[in-house]
Amino acid sequence: MRVARAPGRVNLIGEHTDYNGLPVLPMALDREIVLQFQPRADRRVRLRNTDPRFPPLDFELGEEILPEAGGAWGNYVRAAGQALWREVGALRGIEGEIASTLPVASGLSSSSAMVVATAIALLDANERSVPRERLMDLLARGERYVGLQGGGMDQAISLGGVAGSALRIDFRPELRLAPVPVPESWRVIVAPSLVEARKSAGARDAYNARVRECRDALEQSGVASHGSRDYYDLLSNVSAAEALAKARPQLDDLLFRRFRHVVTEGARVDAAVNELRGQDLAAFGALLRASHASLRDDYEVSSKELNELVGISEAGGAAGARLTGAGFGGSIVAVASSESADSVLIALHREYYSPRGVPSAAFIAAPSGGASVS
Ligand code: NG1
């Protein structure tokens, strides 16, 4: 038996920037998808899921793999199979069992971890390899199989995570990962809202609508020079302030707010990397607060529960908090000093989880290493 492991992630800042060509700052979690497998002689993939909500999976690898209807978990496995087949050619299958220590649909990227775990298991079973950056990009595009026009953050951090560090990931001009150590006296707290952000269902349409709106805003802004592909190209020619001033009269209210979120969020990632390097917790926290306000008011991807969790964390002593991941449910991330972390966790338990009659789901996240096969 071989074991493939792929971690989920929490994104510290840089939300809905990846598919716009701007950077992100996630860290890999110490929670993961674990796939125990052995190679098969034929092309079949046969996997059980230890979570009884998810039925067993059995399909044949190939150039064109038909998806299962609905939000089936097996489509993330199929996505990896099809992407790899197209990249490296014919593959033998695997059989085994998938388990997860990641909460499902919590904005912590269990779906991309599933794609990554499957891909590295298939490569191992076939004694093949794909260069790391190439695999990150391949799987990001491959996961669009499930119908979400997503960016490349989740696959990159799951494969490239570094223990003790967050990673600044740039997608343009080409994929680049730069570890930035998280100070030992900081605590990163993740609090799931318990409202599922199922990208395969309703949230998918809302997500894809944002991708379209960003593209429309870029085109109609009148700022992007001819042939600009994304916001990276846009901001290669003008400053963020200039882009906002010029775009304002060109765009309707909704598109301007989407545009403003993307442009200001990209600038916040640069600033956050500096504050992390300089170990300025208060300044880093202020950037998280500004990011949440922008996601709530301009990008409109927050929810009552996420806003409540952010408010409780900040009142409980966090330097700052924000929704993390796509939004529409899922989790928040809060950053606190080691002395304040307990009071934040207690406040979350007392004011969010306990009134709902459930055990606290909040936890302190340790920046962890990336995916591996052993
Ligand atoms: P999650 O939180 O896993 O739904 C999605 C995208 C990311 C990124 C974030 C928003 C996928 C697999 N994930 O993440 O690329 O765009 O939303 O920042 O598409």
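From a predicted model like this one, the values you see are computed outputs, not experimental measurements. If you read the sequence from its start, that first residue is 1, and numbering goes on from there.
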> If only atom types and distance count, is the side chain of Ser236 paired as donor or acceptor with the main-chain N or O of Tyr232 below 3.5 Å?
yes
> Measuring only between side-chain heavy atoms, which start at C-beta, is Leu235 closer than 4.5 Å to Leu22?
yes
> Under a 4.5 Å side-chain heavy-atom rule over Ile, Leu, Val, Met, Phe, Trp and Tyr, are Tyr352 and Ile346 clustered together?
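The answer is no; the residues belong to distinct hydrophobic clusters.
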> Residues two or more places apart in sequence or in another chain: which of them pass side chain to side chain contact (heavy atoms under 4.5 Å, CB included) with Arg187?
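Checked Arg187 against side chain to side chain contact (heavy atoms under 4.5 Å, CB included); matches are Ser338, Ala341, Ile364.
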> Taking side chain as C-beta onward, heavy atoms only, is Val269 less than 4.5 Å from Val24?
no
> Taking it one step at a time, do Arg210 and Glu300 satisfy salt bridge (charged side-chain N to carboxylate O under 4.0 Å, His left out)?
CA-CA 9 Å; Arg210 298 299 182 286; Glu300 297 177 287; 5.5 Å; no
> Which pairs would a plain distance check flag for residues 325-337, meaning a side-chain donor or acceptor within less than 3.5 Å of a matching protein atom at least two apart in sequence or in another chain?
residue, atom, partner, partner atom, Å
Ser331, OG, Ser106, O, 2.7
Ser337, OG, Ser340, N, 3.2
Ser337, OG, Ser340, OG, 2.8

> Looking only at the aromatic ring of each residue, does the gap between the centers of Phe171 and Tyr19 stay below 6.0 angstrom?
no
> Okay, side chain of Ser294, backbone of Ala290: is any donor-acceptor separation there less than 3.5 Å?
no
> Using a 3.5 Å distance criterion without hydrogens, assess whether the side chain of Gln82 forms a donor-acceptor pair with backbone atoms of Ile65.
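Confirmed, Gln82 side chain pairs with Ile65 backbone.
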> Membership question, hydrophobic clusters at under 4.5 Å side-chain separation (ILVMFWY): are Val34 and Leu29 in the same one?
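Leu29 and Val34: separate clusters.
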> Is there a donor-acceptor pair closer than 3.5 Å between any side-chain N or O of Thr17 and the backbone N or O of Pro23?
yes
> Charged N to carboxylate O under 4.0 angstrom, Asp51 versus Arg53?
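Salt bridge flag = yes for Arg53 with Asp51.
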> Does the cation-pi check pass for Arg260 over Phe256, that is, NZ or CZ under 6.0 Å from the six-membered ring centre and within 45° of its axis?
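That pair does not qualify as a cation-pi contact.
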> Treating Ile, Leu, Val, Met, Phe, Trp and Tyr as nodes and any side-chain heavy-atom pair under 4.5 angstrom as an edge, say whether Leu255 and Leu244 lie in one connected cluster.
yes
> Does a side chain donor of either Asp297 or His261 reach within less than 3.5 Å of an acceptor in the other side chain?
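Asp297 vs His261: no donor-acceptor pair found between side chains.
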> Side chains of Ser291 and Arg268 only: does a donor on one sit below 3.5 Å from an acceptor on the other?
no
> Quick check: does any side chain N or O of Gln36 sit under 3.5 Å from a backbone N or O of Val3, one acting as donor and the other as acceptor?
no
> Before giving the answer on side chain to side chain contact (heavy atoms under 4.5 Å, CB included), spell out for Asn20 and Asp230 the whole-Å C-alpha distance, their side-chain angles and the decisive distance to 0.1 Å.
CA-CA 6 Å; Asn20 287 306; Asp230 55 24; 5.5 Å; no
> Within the 4.5 Å heavy-atom criterion, are Arg258 and Leu254 side-chain neighbours or not?
yes
> Got a donor-acceptor contact below 3.5 angstrom from the Trp73 side chain to the Pro55 backbone?
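It does hold such a pair.
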> Could you work out, with side chain to side chain contact (heavy atoms under 4.5 Å, CB included) as the rule, every residue matching Ala283, not counting sequence neighbours?
Glu275, Asp280
> I'd like to know if the side chain of Thr50 pairs up with that of Glu97 as donor and acceptor (distance under 3.5 Å, no hydrogens or angles considered).
no
> Could you check whether any side-chain heavy atom of Val373 comes within less than 4.5 Å of a side-chain heavy atom of Leu123, counting everything from C-beta outward?
no
> Do the non-hydrogen side-chain atoms of Phe259 and Gln250 ever get within less than 4.5 Å of each other?
no
